[in-house]
Amino acid sequence: MEEKLKIPLSKVYVDRDIKEVVCKVLDSGWYILGERVTQFEQRFADFCGVKHAVCTSSGTAAIFLSLLALGVGPGDEVIVPSFSFMATASPVLHVGAKPIFVDIDLRTYTLNPNEVKKELSKRTKAIIPVHLYGHPADMDSILEIAEKNNLFVLEDACQAHGAKYKGKKVGGIGHVACFSFYPSKNMTVCGDGGIVTTDNEEIAEKIRMFRNHGRRAKYVHGILGYNLRFNEIQAAIGLKQLEKLPAWNEIRRKIAQAYNKSLNGLVITPIEEQWAKHVYHMYVIRTEKRDALQEFLKKHGVSTGIHYPVPIHKQPATTGIVDSNLTLKNTEESAVTVLSLPMYPQLTQLEIEYVCEKIAFFLGENR
Ligand SMILES: Cc1ncc(COP(=O)(O)O)c(C=O)c1O
């Protein structure tokens, strides 16, 4: 009888090195916004090729604080894809602005610039392209629209650490960019965490103040702020993970190639535009038989995910905010057909083959 493997969707890398640095921080007696946070911010800024990086308590907080720092608020509209994690849009609502949901390009699952043009209004203040699954959005087209209409561009790079657009790392393309360090991401701080990257010193400084009670000095509060800070344990882990990220991304790309080779022709496999460097945060296929295939894989020990089954414009939380007649064809089609396969650097050739064999078997039986 064939051995049944148990393959998770993603896996966090923690080694002795990481455990040791955590213990060092515990012994240090300084836990919040210390020298490790500053060092991590500098390294991450260098990694993205920007001047400033500001750590926050999550990717969601990074987007929220960026919108505040850009002055987005009541009366403003922000163009966002509906096919993303909820946190692309919820901070727009939290700052009092209105998200305007736009359809994606079905090839890359990222914001379609032609659809963005149709939704521009006098109130549009910003555009949030999402580099979904690790594939960059079509940034030149989006930046051109933004320049012509005097809009800010906030890159949601929460899934795209190290991805490149025309040879340039994401995170250094829009006015600001936001990353998440949630455990499933290409690099993590083993908890919640995020970072904003920007070349604009004024924006970086505002975010630094907003994240820390609006402080100028210890007990001088220049503006009304929040507690959305980062801690030293996370920074120490982040520094270690950032060192390994480029090699991990290359392994993810090799795994994607291996999947492509076996799955091409069976399902719709992810594409990488010739101007893109995809970092495969998720390896996402599309098939009409998605739900049954997911169930079949689960029975055979393979965990998969659906990112995302309910578009943001169809979420209960956005009822009353979004026109109930709004239809976004590609978004809605993707929501019922996408399936994320196991993807993490430790995935073995044997495991990849096992997943692909199971998919091929299922589709052969269910033509
Ligand atoms: C596209 C996208 N935007 C925003 C977020 C929010 O990040 P976090 O979970 O760190 O708040 C995530 C992460 O889950 C994400 O995938």
Side-chain angles (χ1 to χ4, degrees), residues 9-10 12 40 44 53-68 78-95 99 101-102 104-105 108-111 126-137 139 142 153-163 170-171 173-174 176-197 207 210-211 226-231 234-235 237-238 241 252 278-284 305-313 315 317-318 331 334-335 338 340 343-344:
L9 177 62
S10 68
V12 175
F40 179 50
F44 202 86
V54 185
C55 286
T56 57
S57 56
S58 66
T60 310
I63 299 172
F64 172 68
L65 295 176
S66 296
L67 291 170
L68 281 181
V78 179
I79 295 181
V80 297
S82 175
F83 193 61
S84 184
F85 182 55
M86 182 70 185
T88 300
S90 54
V92 174
L93 290 161
H94 284 303
V95 299
F101 294 104
V102 158
I104 49 163
D105 167 6
T108 62
Y109 305 102
T110 64
L111 203 53
I127 307 172
I128 308 186
V130 180
H131 307 310
L132 200 74
Y133 306 147
H135 190 290
M139 291 306 290
I142 291 164
V153 174
L154 186 163
E155 295 173 65
D156 181 338
C158 285
Q159 302 189 359
H161 318 64
V170 303
I173 303 170
V176 290
C178 299
F179 293 83
S180 164
F181 299 125
Y182 183 82
S184 65
K185 304 303 186 204
N186 289 31
M187 64 166 285
T188 180
V189 294
C190 299
D192 274 316
I195 200 163
V196 182
T197 54
I207 295 170
F210 276 129
R211 79 171 166 185
Y226 302 83
N227 179 353
L228 296 170
R229 295 179 300 225
F230 202 69
N231 70 52
Q234 294 172 312
I237 298 171
Q241 292 247 331
R252 284 175 182 269
H278 198 326
V279 290
Y280 298 96
H281 165 56
M282 292 290 166
Y283 181 90
V284 178
I306 298 172
H307 304 94
Y308 296 90
V310 184
I312 308 177
H313 76 284
Q315 290 287 349
T318 58
T331 296
S334 299
V338 292
S340 308
M343 172 55 89
Y344 46 89

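Atoms within each ligand, like the ligands themselves, are counted from 1 in listed order. The residues of the chain are indexed from 1 along the displayed sequence.
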- Indicate yes or no: does an N/O atom of D192 lie under 3.5 Å from an N/O atom of ligand 1? no
- Message: Between S340 and M282 (side chain of the first, backbone of the second, donor and acceptor by atom type, cut-off under 3.5 Å), is there such a pair?
- Response: no
- Task: Sequence neighbours left out, what passes side chain to side chain donor-acceptor pair (under 3.5 Å) with Y308? Give chain and number order.
- Result: Q159
- Message: Pairs of nitrogen or oxygen atoms closer than 3.5 Å, one from F181 and one from ligand 1: do any exist?
- Response: no
- Task: Determine, using heavy atoms of G194 and all atoms of ligand 1, whether some pair is separated by less than 4.0 Å.
- Result: no
- Query: What part of D156, side chain from CB on, backbone N/CA/C/O, both or neither, has a heavy atom under 4.0 Å from ligand 1?
  - Reply: side chain
- Quick one: which of L65, I63, D192 gives a side-chain contact (heavy atoms from CB on, under 4.5 Å) with T56? L65
- for atom 11 (O) of ligand 1, nearest protein heavy atom and its distance come out as T60 OG1, 2.4 Å
- Task: With heavy atoms only and a cut-off of under 4.0 Å, state how V130 meets ligand 1: side chain, backbone, both or neither.
- Result: side chain
- Message: Once you measure the plane-to-plane angle for F101 and H313, does it fall in the parallel (<30°), tilted (30-60°) or perpendicular (>60°) bin?
- Response: tilted
- Could you pull out, from K185, M282, H281, the option with a heavy atom nearest to atom 13 (C) of ligand 1? K185
- Query: side-chain contact (heavy atoms from CB on, under 4.5 Å) with P99: which of L93, T88, V78?
  - Reply: L93
- Mind checking whether F40 and F181 have ring centres under 6.0 Å apart? yes
- S180 N/O to ligand 1 N/O under 3.5 Å: yes
- Task: Mark up the atoms of ligand 1 that fall under 4.0 Å of a heavy atom belonging to C158, in ascending order.
- Result: 2 (C), 3 (N), 4 (C), 5 (C), 12 (C), 15 (C)
- Message: If the cut-off is 4.0 Å to any non-hydrogen atom of T88, which atoms of ligand 1 fall inside it?
- Response: 1 (C), 3 (N)
- Sub-3.5 Å N/O-N/O distance, Y182 and ligand 1: no
